[in-house]
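Within every chain, numbering begins at 1; the chains are lettered A, B, ... in the order of the sequence lines, protein sequences first and strands thereafter. Just so it is clear, the model here is predicted, and its values are computed rather than measured.
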Amino acid sequence: GENVEQHPSTLSVQEGDSAVIKCTYSDSASNYFPWYKQELGKRPQLIIDIRSNVGEKKDQRIAVTLNKTAKHFSLHITETQPEDSAVYFCAASPSGGSYIPTFGRGTSLIVHP
Amino acid sequence: NAGVTQTPKFQVLKTGQSMTLQCAQDMNHNSMYWYRQDPGMGLRLIYYSASEGTTDKGEVPNGYNVSRLNKREFSLRLESAAPSQTSVYFCAAQGGMDYGYTFGSGTRLTVV
């Protein structure tokens, strides 16, 4: 089955800095890669996703890049703000079968004012 | 639209008691899921239902049962609660492949 590794487990940055979270996956059949943000005590929420036919996608201060050859994808947050502090999860979904995503274990991002 | 609604939000059970976690979605999605979230373990899939009338085991199904009552509702039952089932439980719905999940607000369950 699919295996998703996410790094780092904890990331601490100063407000205004950039933050990068990286994920690798093992199954070359995976073709959908969502990212979720979970604030303390809240539900995970989808913030951005990318499909395998696209190499990069941006939405304001967040962007995701995908390298299918190397089987890795990354979340980039620019000009970080304290409200970006949360746990971020990556996931990889296969193109067939039940489309069940495999989640990474999460990255706790702390943005210091 | 409420999206995905879970009840209850909090519950304390004694070992051996049973309970049902309720989940309902108003997005007309086919697929629904139950996850548990434990510190350092991320999200682990308990059971899922790809469509009305079907259910399948996920990564950690032992000690749980599910019912897909109709397209809107997907419930999770603990027949005999154990302390190892202390966790936060999330229900989610998905519109299809290449679409992300919409999660419910979660149920924080403590088994003593």
Segment of B:Phe90 engaging chain A (4.5 angstrom heavy-atom cut-off): side chain

Under 4.5 Å from any heavy atom of chain A - which part of B:Glu59: neither

Interatomic distance, B:Gln94 atom CD to A:Leu46 atom CG [nearest 0.5 angstrom]: 10.5 Å

Nearest-0.5 Å distance that lies between atom CD in B:Gln37 and atom CZ in A:Phe89: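 Going from the CD atom of B:Gln37 to the CZ atom of A:Phe89 covers 4.5 Å.
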
Top of A:Pro34, A:Pro44, A:Ser108 for chain B proximity - count of heavy-atom pairs under 4.5 angstrom: A:Pro44

Ring center gap for A:Tyr32 and B:Tyr99 short of 6.0 angstrom: no

For the [atom1] atom on [X], are there more than 12 heavy atoms of other groups (residues, nucleotides or ligands in this structure) within a distance under 6.0 Å?
| X | atom1 | answer |
| --- | --- | --- |
| B:Arg44 | CZ | yes |
| A:Lys22 | NZ | no |
| A:Gln14 | CD | yes |
| A:Glu79 | CD | no |

Side-chain donor/acceptor of A:Tyr36 to backbone N/O of B:Tyr101, under 3.5 Å: yes

Do [X] and [Y] share a hydrophobic cluster, counting only Ile, Leu, Val, Met, Phe, Trp and Tyr and linking them when any side-chain heavy atoms are less than 4.5 Å apart?
| X | Y | result |
| --- | --- | --- |
| A:Leu109 | A:Val64 | yes |
| A:Phe33 | A:Ile62 | yes |
| A:Val20 | A:Leu11 | no |

A:Gln38, part contacting chain B, at a heavy-atom distance under 4.5 Å: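 Only the side chain of A:Gln38 comes within 4.5 Å of chain B.
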
Among B:Leu45, B:Leu43, B:Val88, B:Thr102, residue most engaged with chain A (heavy-atom pairs, under 4.5 Å):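 Most heavy-atom pairs within the cutoff with chain A belong to B:Leu43.
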
Minimum side-chain heavy-atom gap B:Gln6-A:Arg43 below 4.5 Å: no

